[in-house]
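For ligands, and for the atoms within them, numbers begin at 1 and follow the listed sequence.
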Amino acid sequence: MPYRAEYIWIDGTDPTPHLRSKTKIVPDGADLPIWGFDGSSTNQAPGSASDCVLRPVFSCPDPIRGGDDVLVMAEVLNTDMSPHESNTRAACAAVAEKFAGQEPLFGIEQEYTFFKDGRPFGWPSGGFPAPQGGYYCGVGADEIFGRDIVEAHTEACMTAGLGISGTNAEVMMGQWEYQIGPLSPLEVSDQIWVSRWLLYRVAEDFDVAATLDPKPVQGDWNGAGAHTNFSTKAMREGYDAIITACEALGKRATEHVESYGYGIERRLTGLHETAPWTEYSYGVSDRGASVRIPWQVEKDQKGYIEDRRPNANCDPYVVTRLITDTCCSALEG
Ligand code: ADP
Ligand code: MN
Ligand code: MN
Ligand code: MN
């Protein structure tokens with residue numbers, strides 16, 4: 001039987017790229033081929049030379065279609081097979097390979113917000129719900145909106161074989177989180193992108209949109225982040241390496257923050273469990289710091305750190321490349 005492969009790629013939308021996908025019917029027994037698309041329709045090429053190349057980099061069972069059908073994460077190449085300028089995976093792959101000996105691992109907490117009729121899902125029209133306080137990890141129809149979508153998305157990720165490690169309702173009504181990891185830099189990044197595609201696709205069937213906007217509602221409402229938990233073998237074995245990594249991140253703070261997602265200054269205000277984007281800090285248990293050392297890690301004198309700065313709309317290929325490069329360079333010195 002021929003099977004369906006849904007090729008997923010990252011487009012050239014400015015300032016925050018979007019996901020695109022299309023379906024290929026692959027002959028019985030055949031491997032996933034290199035494919036292509038019209039880059040002039042995705043802000044990736046001029047109409048006069050519109051062809052862009054799709055090269056499969058990760059595939060998994062398609063939990064929506066089932067059977068032998070698959071989802072395929074593809075990277076975008078130019079027709080000479082060099083990485084397209086929108087392709088951030090290639091640079092991530094190079095850094096991951098360079099530091100593979102340090103065994104870097106990432107767990108990413110993907111936050112997002114459901115939207116319906118132009119406002120966060122569950123919000124009253126023309127007004128605001130009760131202030132934040134009861135929604136985080138809440139239960140009950142007065143606090144929780146979209147749980148059926150969340151459950152369907154979680155099941156889809158599990159069926160696809162992604163490394164999803166948990167979900168929770170967030171501080172703002174209509175906002176949620178799931179975590180992918182711990183996995184290697186490329187694995188976690190490929191899987192975050194596929195899990196985002198599944199989120200949009202699953203929510204589509206409920207006639208609800210999911211957004212990664214880092215600050216969907218101005219004012220006294222939490223933004224949406226992608227806290228990035230990180231460790232190397234040395235960090236999992238001792239506390240000196242934990243401190244070395246925290247210090248190293250401080251030395252390149254501006255470069256990191258500028259690459260952690262469009263609109264980061266709207267979210268990292270110093271309020272709502274964030275550190276101001278202009279200042280770097282780290283601390284044990286401190287959810288007002290740029291980087292948090294979990295209390296258990298201080299107690300055990302080993303483990304991992306949480307970079308709380310990345311936006312929900314960040315590119316995980318960029319974030320994991322920067323953290324790996326900054327921390328592993330310092331740790332090998
Ligand atoms: P929070 O308390 O910040 O909400 P979560 O439980 O949502 O934390 O997320 C923690 C993440 O850290 C999970 O994705 C988990 O897999 C990941 N994690 C745990 N141990 C490590 C480690 N040693 N290295 C990297 N990530 C890790
Ligand atoms: Mn979390
Ligand atoms: Mn969270
Ligand atoms: Mn967190």
Side-chain angles (χ1 to χ4, degrees), residues 96 99-100 102-114 132 135-138 150 154 157-158 162-189 191-192 195-196 199 210 212-216 221-239 241-242 244-246 249 260-261 267-268 271-275 282-314 316 319-320 323-324 326-328 331:
F99 294 112
Q102 294 193 37
E103 299 176 29
L105 287 179
F106 287 89
I108 297 181
E109 305 168 49
Q110 178 69 65
E111 294 179 342
Y112 61 92
T113 311
F114 287 131
Q132 295 183 158
Y135 308 121
Y136 171 74
C137 298
V150 172
T154 305
C157 289
M158 292 171 71
L162 305 186
I164 186 167
S165 46
T167 70
N168 60 270
E170 269 303 336
V171 174
M172 188 184 94
M173 183 199 267
Q175 207 165 71
W176 294 83
E177 169 183 317
Y178 63 89
Q179 306 99 33
I180 299 278
L183 289 165
S184 73
L186 282 179
E187 285 172 326
V188 81
S189 302
Q191 293 192 25
I192 280 284
S195 69
R196 285 174 176 177
L199 179 64
L212 305 185
D213 187 323
K215 193 75 177 181
W221 303 96
N222 271 39
H227 297 167
T228 300
N229 301 272
F230 169 72
S231 66
T232 63
K233 187 163 185 290
M235 293 163 72
R236 293 188 291 273
E237 289 173 353
Y239 206 66
I242 297 277
T244 300
C246 290
L249 287 168
Y260 275 5
R267 173 175 152 264
L268 298 187
L271 300 171
H272 307 112
E273 303 175 52
T274 68
Y282 69 90
V284 176
S285 284
D286 189 353
R287 286 174 198 269
S290 316
V291 172
R292 176 175 67 102
I293 302 172
W295 69 271
Q296 186 79 42
V297 173
E298 191 197 36
K299 181 165 174 284
D300 295 345
Q301 290 290 295
K302 63 183 180 184
Y304 65 97
I305 60 174
E306 176 193 43
D307 190 339
R308 301 176 57 78
R309 296 169 296 173
N311 268 356
N313 63 351
C314 71
V319 171
T320 61
I323 294 176
T324 301
T326 297
C327 296
C328 290
L331 286 162

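The backbone N or O of G163 lies less than 3.5 Å from a partner atom in the side chain of Q191, making a donor-acceptor pair. Under a 3.5 Å cut-off, the side chain of Q110 and the backbone N or O of A312 do form a donor-acceptor pair. Listed for the S165 side chain is a donor-acceptor partner under 3.5 Å among the backbone atoms of G181. Between the side chain of R267 and the backbone N or O of P310 there is at least one donor-acceptor pair closer than 3.5 Å. Remark: side-chain polar atoms of S189 are paired, donor with acceptor, to backbone N or O of P316 under 3.5 angstrom.
The shortest side-chain heavy-atom distance between Y260 and N311 does not fall under the 4.5 Å cut-off. Counting heavy atoms from C-beta on, the side chains of M235 and F230 come closer than 4.5 Å. Two residues are said to be in side-chain contact when any heavy atoms from C-beta on lie closer than 4.5 Å; L249 and R309 meet this criterion. When side chains are defined from C-beta on, E273 counts as touching V171, because their heavy atoms get closer than 4.5 Å. Put simply, the side chain of I164 reaches to within 4.5 Å of the side chain of M158, judged on heavy atoms.
At a heavy-atom cutoff of 4.0 Å, ligand 1 is contacted by the side chain of R287 but not by its backbone. In S165, the part holding a heavy atom less than 4.0 Å from any atom of ligand 1 is the side chain.
Looking at atom 24 (N) of ligand 1, its nearest protein heavy atom turns out to be S231 OG, 2.8 Å. The single protein non-hydrogen atom nearest to atom 15 (C) of ligand 1 is P182 CD, 4.3 Å, given as residue, atom name and distance. Looking only at heavy atoms of the protein, atom 26 (N) of ligand 1 is closest to G107 N, 3.5 Å. Summary of contacts: the protein heavy atom closest to atom 11 (C) of ligand 1 is N229 ND2, 3.3 Å. Annotation: atom 4 (O) of ligand 1 to nearest protein heavy atom, E109 OE1, 3.2 Å.
To the nearest 10 degrees, the angle centred on the Mn ion (ligand 3) between OE1 in E177 and OE2 in E111 reads 100°.
Within E306, OE2 is the N, O or S atom that lies nearest to the Mn ion (ligand 4). Restricting E170 to its N/O/S atoms, the shortest distance to the Mn ion (ligand 3) is reached by OE2. H227 contributes atom ND1 as its closest N/O/S atom to the Mn ion (ligand 4).
The residue from R308, E306, E273 that puts a heavy atom closest to atom 3 (O) of ligand 1 is E306. Taking only non-hydrogen atoms, the option from F230, F106, Y304 nearest to atom 19 (C) of ligand 1 is Y304.
Heavy atoms of other residues, nucleotides or ligands lying less than 6.0 angstrom from OH of Y239 number more than 12.
Between Q179 and ligand 1, at least one N/O pair is under 3.5 Å apart. Below 3.5 Å of separation, one finds an N or O of G181 facing an N or O of ligand 1.
Atoms of ligand 1 lying under 4.0 Å from any heavy atom of R292, numbered from 1 in the order shown and given with element: 1 (P), 2 (O), 3 (O). Near E177, the atoms of ligand 1 lying under 4.0 angstrom from a non-hydrogen atom of the residue are 7 (O).
Inclusion of E109 in the first shell of the Mn ion (ligand 3) is not supported: no N, O or S atom falls under 2.8 Å.
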